[in-house]
Amino acid sequence: MKCKLLFLFFLLLPLKILCGQRDLEAIRRDLARKEGTPSTKSSLEILNVSYDPTREFYDDYNAIFKKWWKQKTNQNLRIIQSHGASAKQARAVMSGLDADVVSLALAFDIDAIQHSTGIVGDEWQKRLPNQSSPYFSTIVFLVRKGNPKNIHDWGDLVREGVQIVTPNPKTSGGGRWGYLAAWAWAMEATGQQPDLAKEYMKKLFANAPVLDTGARGSTTNFFLRKKGDVLISWENEAYLMIDKMGRDRVEIVYPSLSIRAEPPVAWLEQIVDKKGTQDAAEFYLKYLYSLTAQELIARHHFRPYDSQVALQYEKKFPKIPLISIEELGGWDSIQKLHFGEGGIFDEVYLSEKE
Amino acid sequence: MLSKRYPQTLPGRDLHLIFSLSYLSFLVLLPLGFLILSLQGVSLEEAGRILFSRRAIAAFRVSFSLSFYAAIIDLFLGVIIAWVLVKYEFLGKNFFDSIVDLPFAMPTAISGIALATLYSEEGWIGQVLTKAGIEVSYTPSGILIALIFVGLPFAVRAVQPAVEALDVDMEEAAASLGAKRPAILGRIVFPQLLPSMITGLTMSFARGLGEYGSVIFIAGNIPYVSEIVPLLIVVELDQFNFKAATVLAVAMLLLSFLLLVSLGLIGHQLRKRYG
């Protein structure tokens, strides 16, 4: 089963790249042709409402985009950033925060804005290549230096005496991706038997003494309070922590299967219309697909969509099978099955208590 | 004639009354009213299902029981602290008197992080406790510690004026009539303090029920075990289940209101009896 899936994955990989990269060429022609802007104002301001781990990336990206925009349109652009937990940011936009663009952790959060207010625009996910995700990332394990508990795959996390640290899947985007990666592995390891997979999830969360509300909170618990043996983390956060804390304290372990987490971006149609920032907002997101931006993305430890840039950074981002949200049934059904009232996540905790 | 027209020091009674009542309504009642209004479209059956789900019941139990225990402990500590601050003279009294208020002023998230770090397995206090086999951070005891911390100033400040106002003459009279210490404490001092103690209890209890910031850092936030109602509300919001969040919030509001009113009534009765 595992073998078959792996084979299918590598078979489909080039196909996906071939189809995908054609949009990339189109968008780059667009960028190259760009001259002037319908807006005659000499300066413009846009607000990018984003999630937590992109802070460092957008700092750098905004600087290069401003330069590019000035050069193409002779207009000064000010970009204001807002960061926070993905769902909270989505809620702020729903209740009236005038964001020109949103860049959130899950498509589910942008969908929620669209469902409740309609300001994003129908089919927003089809406006940019790769379903509006300029990069992707995955979930990995961070373990203490030397890997004292000998952890190599998801199966090792349910051993007795292993403590895992993960954020709450109900409140944290990273937590949700991690939960789903574990579920995908469990389904495969048990030959697609949900009951057995549930057993695995129960054991997994029985080993988690704390559920922080956000990914950064879990990271703090793991590093500063030395809580737990394994941190289930975003790949980019794991690299960032190694950059900040040093290589001598922790190391990254790649499991045999993880998830393809694709954080999407979108401009909000109704708001950019109102503010007259349509052009700037649109190109701000399109430029994320340029070669320069894709390289910047890779340097910031996100996996670039561009296959050539990805090739350059092959060593940094080991190829492991990544299951996608579509393969798991799409956000709507996942939400209902796992995180809704009485869903599998509730069950995992309930039966543990009894 | 003049004295009848201006009985208060502050002139313009009616104006002030109207102004303060409308201001109070604007600041307090409007948002709460809005909360209750947003219940529209939630059927009774749905509300019942949300409130009586096992997870919600567990969260309500955690919130109410731990806030109550914390308030009791605060009251006990609060009376002693208030007594010491009023009755004794010692070096640095003013300093200690002002640090009582610190938990009021400190951003609760900071208290939570500080407490979680102190009481975690690697922390100063946590290390000692771990050796004794007691785990505090990331367990319900952690929540209790955080709630005691944020509620303490309320208990102290409620009891302090009553201790100041204690009638020393009465104590002396009782002593001269041959009453022993326990009798003086139980029959003279305690009844005078009781109404303020109820106020202190109510206020730190209410504070504990509403506390979110400090608790989420020190609680493990594990469903059914260490999940408080305010966190459950945030969890529902994060999943865009606005209905469920509203139902939980209104239930919390009503329960807290009932509690405050009944404790207030008890205090009132006691004041009438002893005051």
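Side-chain atoms are counted along with the backbone in the values below, which use heavy atoms only and exclude waters and symmetry mates. Protein chains get the first letters and strands the later ones, always in sequence-line order, with residue 1 at the start of each.
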Non-hydrogen atoms of chain A under 4.5 Å away: do they reach the side chain of S120(B), the backbone, both or neither?
side chain
Hey, does the side chain of N221(B) reach the backbone of D212(A) with a donor-acceptor pair shorter than 3.5 angstrom?
no
Measure distances from E236(B) to the heavy atoms of chain A and classify the residue's part below 4.5 Å as side chain, backbone, both or neither.
neither
Take L231(B) and T213(A) through the side chain to side chain contact (heavy atoms under 4.5 Å, CB included) test and state the conclusion after the steps.
CA-CA 9 Å; L231(B) 174 68; T213(A) 47; 3.6 Å; yes
Measure the shortest side-chain to side-chain distance between Y138(B) and N221(A) over non-hydrogen atoms and say whether it is less than 4.5 angstrom.
yes
Looking at CZ of F345(A) and CZ of R55(B), how far apart are the two atoms once the value is rounded to the nearest 0.5 Å?
6.5 Å
For the NZ atom on K198(A), are there more than 12 heavy atoms of other groups (residues, nucleotides or ligands in this structure) within a distance under 6.0 Å?
yes
Of all heavy-atom pairs linking A87(A) and D238(B), the shortest is CB-O, 3.2 Å
Checking heavy atoms, do the side chain of A208(A), its backbone, both or neither come under 4.5 Å from chain B?
backbone
Please tell me if the side chains of N168(A) and P223(B) come closer than 4.5 Å, counting only heavy atoms from C-beta onward.
no
Counting only heavy atoms not in E326(A), do more than 12 sit closer than 6.0 Å to its CD atom?
yes
Please tell me if the side chains of Q335(A) and F240(B) come closer than 4.5 Å, counting only heavy atoms from C-beta onward.
no
Out of L232(B), V234(B), V235(B), which one pairs with K170(A) under the side chain to side chain contact (heavy atoms under 4.5 Å, CB included) rule?
V235(B)
Lys/Arg N to Asp/Glu carboxylate O, K227(A) vs E121(B), below 4.0 Å:
yes
Please state whether the side chain, the backbone, both or neither of L237(B) comes within less than 4.5 Å of a heavy atom of chain A.
both
Mind checking the CD1-CG spacing from I113(B) to L224(A)? Nearest 0.5 Å is all I need.
10.0 Å
Within 6.0 angstrom of L44(B) CG, more than 12 heavy atoms from elsewhere:
no
Heavy atoms of other groups near K336(A) NZ, more than 12 under 6.0 Å
no
For F68(B), is the CZ atom crowded, meaning more than 12 foreign heavy atoms sit under 6.0 Å from it?
no
Flag if over 12 foreign heavy atoms under 6.0 Å of CZ, F76(B)
no
What pair of heavy atoms forms the shortest contact from E122(B) to R225(A), and how long is it?
CG-O, 3.5 Å
Greater than 12 external heavy atoms within 6.0 Å of F242(B)'s CZ
yes
Honestly, the part of A219(B) sitting under 4.5 Å from a heavy atom of chain A is backbone
